[in-house]
2 protein chains.
Amino acid sequence: MPYLLNQAADVTSRSFEGAYKDRYGMLRTEWRVLFHLGRYGAMTAKEICGRARMHKTKVSRAVRALEEKRFLERQTRSDDRRHEMLSLTPTGARVFRDLVKEAQRFDTALMAEFSAEEAAQMRALLIRLAQL
Amino acid sequence: MPYLLNQAADVTSRSFEGAYKDRYGMLRTEWRVLFHLGRYGAMTAKEICGRARMHKTKVSRAVRALEEKRFLERQTRSDDRRHEMLSLTPTGARVFRDLVKEAQRFDTALMAEFSAEEAAQMRALLIRLAQL
DNA sequence: GGTTGTTAGTTACAAAAGCAACTACTACGA
DNA sequence: TCGTAGTAGTTGCTTTTGTAACTAACAACC
């Protein structure tokens, strides 16, 4: 089962990779961070680690890369200067919207191979699996 | 969807990782090569690339590692000396059987979270996805 | 106020993956 | 038989990931 999941994840991820890589020179980790900030609003790196199940070093590096691209900004929180609130810049938000649109297109195309019920069930099962 | 698949693949793969890593000091790539040889019999590195969707350098390095562990042997084919038939040694076959048993246990435990139909459907859907 | 422990995030170093150039071999046509 | 092209597999170099040690900031306790 892990093997099947990896195969499926690999095949689908690779076909979508071009969207963020070719257009914006982003890595997968960067796209994931951008996605979480766009989808759920400003948060700290730590929170991204938790939500996206990414290791903090990966997040740290992705944040720096996105910052250099001017896609996000950090703001040290005044009440606890260890925390840095991360938020998308207008440019970052624009990129996010563009890529989300692309992702939806991609997902629709992918799911065209399956019936609506199959797609829904698949999604539900994967969510349960990912939460184990 | 790729994101969900990756999450699920990551979670499940990591829990099984210990089986081959801790006991036999194998990498995931090595386990995959060993698995294909054990499951489908002797074949060339090229064939493994195709079946397992792995890049040839990954396969090449995994084969060398497995050879050093005495889990597999190579035999240059006499009709075309570019080809090397890879096959498991008795030790390799034993390791394969052990890990397959472990994998089945793992899979059973994983699927205990789901009904039999759900598990079957999931498997079928993933196979279709992986073949896109 | 200073020591101790804890947390957010970074950095340095090691392991692994990806890519492109390479070797060794075969096939085929001039 | 020579030259060209193509294939199986390896090696060297670069990029990315993982791990562990680190810095900076805070909190709590004495």
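Residue numbering restarts at 1 for every chain, and letters A, B, ... go by the order of the sequence lines. Bear in mind the structure is a predicted one, so any value in this text is a computation, not a measurement.
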Next on the checklist: Looking at A:Glu30 and A:Lys69, is there a salt bridge between them, counting it only when a charged N and a carboxylate O are closer than 4.0 Å?
Outcome noted: yes
Checklist entry - Crowded around B:Arg23 CZ? As in, over 12 foreign heavy atoms under 6.0 Å? => result yes
Item to check | Pair A:Tyr3 + B:His36: ring centers closer than 6.0 Å | outcome: yes
Checklist entry - What nucleotide, of C:dT10, D:dT11, D:dC26, holds the atom closest to the side chain of A:Arg74? => result C:dT10
Rounded to whole Å, please give me the gap between [atom1] in [X] and [atom2] in [N].
X       : N      : atom1 : atom2 : result
A:His55 : D:dT19 : NE2   : P     : 7 Å
B:Arg82 : C:dT26 : CZ    : C1'   : 4 Å
A:Glu47 : C:dA8  : CD    : P     : 10 Å
A:Lys56 : D:dA24 : NZ    : C1'   : 13 Å
B:Gln75 : D:dG9  : CD    : P     : 14 Å
A:His83 : D:dC26 : NE2   : P     : 9 Å
B:Leu86 : D:dA8  : CG    : P     : 13 Å
B:Arg64 : D:dT10 : CZ    : P     : 8 Å

Checklist outcome for this item: Letter by letter from the 5' end, nucleotides 12-17 of chain C scores (B base, S sugar-phosphate only, - none; protein heavy atoms under 4.0 Å) B---SS
Checklist outcome for this item: Heavy-atom nearest nucleotide on DNA chain C taken for A:Thr44 and for B:Arg77; more 5' hit belongs to A:Thr44
Item to check | Pairwise ring-ring contact (aromatic ring centres under 6.0 Å, His included) hits with a residue in residues 43-67 of chain A, at least two apart | outcome: none
Do any side-chain atoms of residues 105-114 of chain B form donor-acceptor pairs under 3.5 angstrom with protein atoms, and if so which ones, sequence neighbours left out?
{"from": "B:Arg105", "atom 1": "NH2", "to": "B:Glu102", "atom 2": "OE1", "distance (Å)": "2.7"}
{"from": "B:Asp107", "atom 1": "OD1", "to": "A:Met1", "atom 2": "N", "distance (Å)": "3.2"}
{"from": "B:Asp107", "atom 1": "OD2", "to": "B:Arg123", "atom 2": "NH2", "distance (Å)": "3.4"}
{"from": "B:Thr108", "atom 1": "OG1", "to": "B:Gln104", "atom 2": "O", "distance (Å)": "2.7"}

Next on the checklist: C:dG9, OP1 or OP2 - any side-chain N/O from A:Ser60 closer than 4.0 Å?
Outcome noted: no
Checklist entry - Nearest nucleotide by nearest heavy atom, which residue falls closer to the 5' end of DNA chain D, A:Asp80 or B:Val59? => result B:Val59
Checklist entry - Got A:His83 and A:Thr76 here, is their nearest side-chain heavy-atom distance under 4.5 Å? => result no
Checklist entry - For the atom pair CD (A:Gln7) and CG (B:Leu129), what is the distance rounded to the nearest 0.5 Å? => result 11.5 Å
